[in-house]
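Sequence lines set the chain letters: A, B, ... in the order given, protein chains first and strands last, and positions in each chain run from 1. Predicted model only: the values in this text are computed from it and were never measured.
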Amino acid sequence: MIDQRILRDNPEILRISQRKRGADPAIVDELIALDQDRRSLRSDFEAKRAEQKQLGKKIGPLQRAAKTTQGADREAAQAELQQLLQHAADLSESVKAADAAATELEAQLSQKWLTIDNLVDDASPVGDEDAFTLLETVGTPRDFAAEGFPPQDHLAVGARLGAIDVERAAKVSGSRFFYLLGDGALLELALLNLAMSLASKHGLTPVLPPALVGPEAMSGTGFLGQAAENVYQLPQDDLYLVGTAEVPLAAMHSDEILDEAALPIRYAGYSPCFRREAGSHGKDTRGIIRVHQFDKVEMFVFCTPEQAAAEHERLLGWEKEFLNLLEIPYRVIDVATGDLGASAARKFDIEAWIPTQERYREVTSASNCTSFQARRLKIRYRDSHGTPTPVATLNGTLVAMPRVIVAILENHQNSDGSVDIPSALQPFLGGRSQLTPPESPGAPHGAT
RNA sequence: GGAGGCGUCGCAUAGUGGCCUAGUGCGCCCGCCUGCUAAGCGGGUUGGGGAUUCAUACCCCCUCGAGGGUUCGAAUCCCUCCGCCUCCGCCA
């Protein structure tokens with residue numbers, strides 16, 4: 001949510017941002033009109049309410065006077081009391097009507113306001129998905145032709161290692177699910193431990209958050225707007241399955257006023273992630289690149305708006321450090337305004353080289369959400385004037401398990417079906433330097 | 001799942017229809033006093049919206065877990081929901 005005062009102070013900024021996102025700038029004028037009407041109706045209610053309160057103060061004492069005095073005084077008091085009560089009753093109706101009218105308009109405005117995406121950063125490249133800016137390319141893709149063998153895709157490599165089983169997952173849960181087993185399971189745990197040790201080294205607090213959250217958390221992080229169709233819901237319990245630990249981490253400090261001295265607060269949360277992948281039928285149907293459930297370590301930062309840009313760079317730096325440790329070639333892009341999502345003002349994606357696809361694919365993403373989420377979730381700090389001010393929030397992927405596993409299996413595979421383990425990961429895999437196919441290939445684990 | 005209890009200002013507590021403009025203590029902030037510190041004394045201390053303003057101050061409205069209701073008037077009475085605690089049952 002953006003500060004609504006922009007409607008009065010500088011609506012043109014909002015119009016420009018809407019245009020850059022490919023959204024409708026005309027809605028800004030609708031919002032300005034709604035905001036004006038809202039304020040006028042609310043003021044009307046407040047004036048009536050003030051009168052009602054003044055009147056109410058007179059009734060109590062007068063009632064006592066009507067009971068305790070005698071004779072003519074008593075009659076006068078009773079008559080006045082009757083008159084006041086009548087007036088008060090009329091006013092009461094009028095106050096209720098004014099309140100209802102103002103409340104109705106406030107609901108309309110805030111509902112419409114929730115459809116407005118965050119103001120884009122001036123630095124974000126303008127345009128649709130393809131308009132991204134290439135910031136950097138790191139590492140060199142292997143030349144498999146020169147090595148004399150064609151690379152197998154991650155599913156083939158994983159199946160041979162007995163590490164990935166999508167067929168049985170389809171039997172149990174449907175398409176886009178997978179089992180990690182044997183070295184596949186150990187590989188995820190090793191990546192988890194490497195990621196968490198890196199996170200701890202850099203001062204992030206490790207977190208195991210809830211993966212089921214209420215509607216405020218979901219909406220507050222911006223996932224119930226355009227992205228709602230990708231969210232699993234549990235209507236019986238009014239809960240949602242999170243698509244990322246970003247949701248429970250962001251909502252963790254909702255309705256809080258944080259101590260400025262404690263900022264930035266940095267977390268690294270490990271959680272399962274659930275995504276319906278609606279509208280992506282036919283995309284990435286093979287393997288585990290696009291799945292309904294996976295695990296991820298997500299970094300999350302609460303800081304002052306002034307610190308946000310530097311924190312964004314820091315998150316990107318840690319993401320790069322992790323991929324460097326895994327010795328995977330990648331490139332970094334500055335995501336275009338049309339592809340930012342509701343909450344982000346600026347976003348850097350890291351795309352890893354996938355040999356069998358001969359292209360770079362997104363593996364991590366770092367977003368600066370400025371105060372957009374914080375305003376919805378009421379997360380504030382006291383600024384130098386002592387005024388509660390929304391914090392800035394940022395998030396970045398440290399490791400999304402399936403895609404990183406894909407990158408490792410494909411980039412580090414050998415012609416004999418083994419996979420080299422990057423040295424940084426070896427301590428977390430019992431010191432082994434390779435994953436090797438089981439002695440007796442074929443159906444693993446006693447399939448018949 | 002059943003029974004009962006409880007949600008008040010940062011914390012603790014008072015408040016059972018108008019005297020609540022929510023009191024008191026602690027903590028915190030400012031000042032006074034004071035070799036220093038502590039104590040003592042005085043003042044301040046929820047958050048949001050609006051009006052006004054260059055910006056303040058002052059002013060108005062809302063805010064006693066949330067939302068409805070009763071009433072001229074609700075922290076207080078009624079209903080629904082949420083959360084916490086105790087006991088019983090079930091459970092990894």
Side-chain angles (χ1 to χ4, degrees), chain A residues 1-10 31-69 77-114 208 210-220 234-240 248 251-263 272 371 374-391:
Chain A
M1 192 188 303
I2 305 165
D3 188 346
Q4 280 190 25
R5 264 182 288 251
I6 199 173
L7 292 175
R8 282 171 260 167
D9 296 345
N10 204 338
L31 288 164
I32 289 172
L34 269 177
D35 180 53
Q36 275 174 358
D37 292 349
R38 180 204 122 236
R39 271 147 57 212
S40 140
L41 284 177
R42 184 48 66 189
S43 292
D44 184 46
F45 157 76
E46 285 181 4
K48 290 192 163 93
R49 175 69 175 147
E51 190 188 349
Q52 182 187 37
K53 286 177 72 168
Q54 291 301 317
L55 200 56
K57 283 203 173 92
K58 294 181 191 163
I59 290 177
L62 199 59
Q63 236 164 14
R64 242 166 283 135
K67 280 179 190 161
T68 52
T69 55
Q78 278 177 341
E80 194 185 349
L81 183 61
Q82 281 311 310
Q83 205 177 350
L84 275 187
L85 282 177
Q86 181 56 49
H87 186 193
D90 294 346
L91 198 55
S92 177
E93 290 305 309
S94 162
V95 164
K96 272 177 192 158
D99 191 22
T103 302
E104 159 66 18
L105 214 62
E106 276 160 5
Q108 274 182 38
L109 178 61
S110 56
Q111 197 177 5
K112 199 159 251 186
W113 194 244
L114 282 178
L208 299 177
L212 284 173
V213 301
E216 291 82 9
M218 214 62 189
S219 164
L234 294 124
Q236 278 194 314
D237 301 285
D238 201 19
L239 288 171
Y240 300 85
M252 192 170 154
H253 290 296
S254 57
D255 291 308
E256 293 183 21
I257 298 177
L258 303 170
D259 184 358
E260 182 173 6
L263 302 177
S371 55
R375 199 167 276 112
R376 289 184 174 203
L377 292 166
K378 299 190 186 72
I379 308 169
R380 294 168 294 176
Y381 74 103
R382 281 184 202 284
D383 65 17
S384 50
H385 300 94
T387 309
T389 308
V391 299

Review item, nucleotides 78-82 of chain B N/O atoms under 3.5 Å of protein N/O:
none

_From A:Ile257 atom CD1 to A:Thr389 atom OG1, the distance as rounded to the nearest 0.5 Å_ = 9.5 Å
*How does protein contact run along nucleotides 44-67 of chain B, one letter per nucleotide 5' to 3', with B for base contact, S for sugar-phosphate only, - for none, heavy atoms under 4.0 Å?*
---SSBSS--------BBS-----
*asked:* How many whole angstroms separate atom CG of A:Asp99 from atom C1' of B:G69?
replied: 14 Å
*asked:* If I pick the C1' atom on B:A38 and the same atom on B:G48, what distance separates them, to the nearest angstrom?
replied: 40 Å
*Taking atom C1' in both B:G1 and B:C91, compute the distance separating them and give it to the nearest angstrom.*
12 Å
_Pair A:Lys378, A:Glu216 - check side chain to side chain contact (heavy atoms under 4.5 Å, CB included), show working._
CA-CA 11 Å; A:Lys378 299 190 186 72; A:Glu216 291 82 9; over 6 Å; no
*asked:* Whole angstroms only, please: what is the CD-P distance between A:Gln52 and B:C72?
replied: 11 Å
*Please test A:Gln4 against A:Leu109 for side chain to side chain contact (heavy atoms under 4.5 Å, CB included), starting from the C-alpha separation and ending with a verdict.*
CA-CA 10 Å; A:Gln4 280 190 25; A:Leu109 178 61; 3.4 Å; yes
*Can you list the residues that meet the salt bridge (charged side-chain N to carboxylate O under 4.0 Å, His left out) rule with A:Arg42, with sequence neighbours excluded?*
A:Asp99, A:Glu106
*Does A:Ser110 use its side chain to pair, donor to acceptor, with the backbone of A:Ala107 at less than 3.5 Å?*
yes
*Tell me: NE2 of A:His87 to C1' of B:U71, nearest whole Å?*
17 Å
_A:Arg376 side chain to A:Ser219 backbone, donor-acceptor under 3.5 Å_ = yes
*Across all strands shown, which nucleotide pairs with B:G35 by Watson-Crick or G-U wobble geometry, both distances under 3.5 Å?*
none
_Identified pairing partner of B:C54, criterion: Watson-Crick or G-U wobble below 3.5 Å_ = none
